[in-house]
Amino acid sequence: MDDGKPTGPQAKWWSRPAADGTGRAPGAADRADDARPPASTPTPSDTPMAADREPAAQVPDAVPSQAPAGPSEASGGPDEHGGQEIPGPRPSGPPLHEPDEYSTPPYGGPGPWAPAPPVQRPTPAHGTVVPPGAGGPPPQYAATNGAGIPAPAPAPQPAPADADGFPLSPPQPRTPAQHPAPAVHPPHAPQPPQGSPEHQGPHPSPAPQRHSQWLQYDPWGAPGQPLTRPGPPEGVEPGRRKKRRGGAFMGVLLLALVAGGIGGGVGAYIERNGGLTTVELPQAGRDNGDRAPESVAGIAASALPSVVTLHVSGTAESGTGTGFVLDGQGHILTNNHVVAPAGSSGDITVTFSSGETASAELVGKDSGYDLAVVRVRGVSGLKPLPLGNSDNVQVGDPVVAIGAPFDLSNTVTSGIISAKQRPITAGGEKGDGSDISYVDALQTDAPINPGNSGGPLVDNQAHVIGINSAIRAADSARGPEAGGQSGSIGLGFAIPINQGKRVAEELISTGKATHPVIGVTLDMKYAGDGAKVGTKGADGTPAVAKDGPAAKAGIKSGDVITQVEGQRVHSGEELIVKIRAHRPGDDLDLKLTRGGEERTVTLTLGSASGG
């Protein structure tokens with residue numbers, strides 16, 4: 001307390017606020033001191049003077065925090081800022097209560113021990129010194145209800161009155177809306193300077209000074225915390241948040257679509273490539289390409305440079321076949337039915353395994369053996385294919401067939417020798433039997449197809465042991481046919497090279513081949529077992545030629561020949577095949593039946609020109 005001195009209250013941070021900052025009501029200095037009998041007899045040292053204890057003019061409960069303090073009339077007229085009527089001075093009389101030397105609430109100024117209202121804050125008196133560091137940062141916004149709308153100020157409560165009806169002046173708390181802003185003067189209403197006419201009245205007094213340090217101080221709140229949750233900035237409508245939410249939703253949706261597309265692309269890529277990284281599987285390195293000579297690869301590497309493909313075209317037809325080089329002079333061996341479409345004026349083109357082509361000319365042919373020889377000129381570096389011995393071939397020996405099936409040149413297939421000495425007849429398209437070929441063939445299961453005709457059948461040393469000539473077609477009821485258009489069923493037939501070698505030598509030497517004969521005419525309609533000698537020849541001559549090999553051996557018309565060199569004969573075709581498997585001049589042992597009796601004869605084969 002201030003010990004009753006008339007100089008005004010001493011500045012203390014818990015002193016009671018007054019309208020003019022002096023502790024007295026406005027205009028109190030102009031009123032006469034009212035001697036009021038005290039309710040008790042306090043000592044002069046702790047009892048204030050009557051003039052000092054004069055109650056201040058009643059200040060409205062809700063005065064805007066930024067409203068400047070102006071002069072008020074002693075008569076209690078209306079306040080120019082608050083709009084409320086201020087009552088006049090209280091009549092003198094005894095004090096309503098004993099003075100409180102500690103200035104405890106509610107009659108003293110607010111202190112740090114006073115309970116704080118839920119959302120209200122005390123307002124310091126003018127000149128109060130705020131302890132350093134006690135205040136937090138100023139609030140950013142006025143008190144709101146959390147949605148950006150200022151909270152309504154509480155309804156003004158009637159001021160407490162004493163027994164005589166005079167109002168008391170308890171501490172004036174401020175609502176959040178009245179809490180002082182960081183700036184003393186609001187930006188929209190600049191505060192006039194002190195001493196201006198607006199601040200001058202009948203009894204001018206200095207306006208209370210607001211300290212920003214106190215405005216930041218809240219002894220009951222956490223440092224730096226605003227009174228309420230700040231709302232949106234001034235001028236921003238709450239509806240814009242919905243727009244931002246809508247835009248954010250569209251952005252999230254677009255991001256999800258893009259991410260989904262990228263994820264799908266990455267998944268497809270992973271499924272297609274097996275992962276995001278390059279996959280490298282273990283693999284053996286390259287070798288030098290060497291193979292065992294007896295392997296299929298070794299045989300093919302050795303024989304292919306000597307194998308050629310023939311394209312033949314004539315006036316009526318054309319065809320494709322295979323051949324192989326016989327010598328360095330350009331002679332090539334093939335089948336007769338391969339070159340037959342060329343006739344006497346057709347074209348024959350030879351293509352080597354290297355891709356080089358050359359024209360070829362016919363050297364000679366023989367339909368009875370189904371063999372022909374052509375020759376190319378002006379070609380160097382020819383590699384002849386070595387010839388083997390077909391008499392050494394055994395059933396089960398491995399073989400390799402090389403040719404151009406369906407014009408696919410340099411095709412290699414492999415198999416074994418399935419059988420030997422198969423009597424094969426092919427041709428016969430002319431009807432007179434002049435084009436029928438008789439072959440004592442080697443049977444193989446190496447795949448042979450149309451286009452393989454004339455190609456080599458080689459053994460495991462890459463030596464020729466046969467000339468591929470015919471296949472058995474699955475849909476053929478007449479037996480094997482050369483050049484049949486049906487695919488291979490594992491029944492291929494080749495002319496033994498021993499026979500081919502003799503015929504090729506004759507064709508190269510004379511252009512024609514000779515056939516071994518016995519000098520008889522056979523009854524091709526005989527249905528019994530064996531080959532039966534006919535009764536008459538084709539032109540009405542005797543069936544056994546006079547002075548022929550058969551006549552000299554004692555063979556007669558009607559005899560049935562059953563064996564040739566110990567091999568069983570079941571038909572006339574088989575007898576021809578067995579005879580043509582030999583050379584003219586060879587001696588043959590024949591077994592025959594005459595009148596139910598078996599006889600054995602020996603004869604020497606004659607010779608006849610082939611066509």
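Basis for what follows: all heavy atoms, side chains included, without hydrogens, waters or symmetry-related copies. This is a predicted model, so every value here is computed, not measured.
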Determine the minimum heavy-atom distance between [X] and [Y], stating which atoms define it.
X      : Y      : answer
Ile467 : Pro496 : CD1-O, 4.4 Å
Gly572 : Met524 : C-CE, 4.1 Å
Ala608 : Val517 : CB-CG1, 3.8 Å
Tyr369 : Pro516 : OH-CD, 3.1 Å

Any donor and acceptor pair, going by atom type alone, linking the side chain of [X] with main-chain N or O of [Y] inside 3.5 Å?
X      : Y      : answer
Ser367 : Asp370 : no
Ser437 : Ala426 : yes
Ser509 : Glu505 : yes
Ser302 : Ile299 : no
Thr322 : Ala404 : yes

Open item on the list: Using a 6.0 Å cut-off, check whether atom NZ of Lys420 has over 12 heavy atoms from anything other than its own residue.
Closed with: yes
If we count only N and O atoms by modelled type, under 3.5 Å, do the side chains of [X] and [Y] hold a donor and an acceptor together?
X      : Y      : result
Asp589 : Thr602 : yes
Asp391 : Asn498 : yes
His311 : Asp347 : no
Gln421 : Gln567 : yes
Glu506 : Thr514 : yes

Task: Pairs satisfying salt bridge (charged side-chain N to carboxylate O under 4.0 Å, His left out), at least one member in residues 566-586, at least two apart - done: Asp440-Lys578, Asp529-Arg568
TODO: Could you go through the side-chain contact (heavy atoms from CB on, under 4.5 Å) check for Phe352 and Leu382 one step at a time?
DONE: CA-CA 9 Å; Phe352 295 88; Leu382 297 176; 3.4 Å; yes
- [ ] Rounded to the nearest 0.5 Å, what's the gap from CG on Leu310 to OG on Ser409? Could you check?
- [x] 12.0 Å
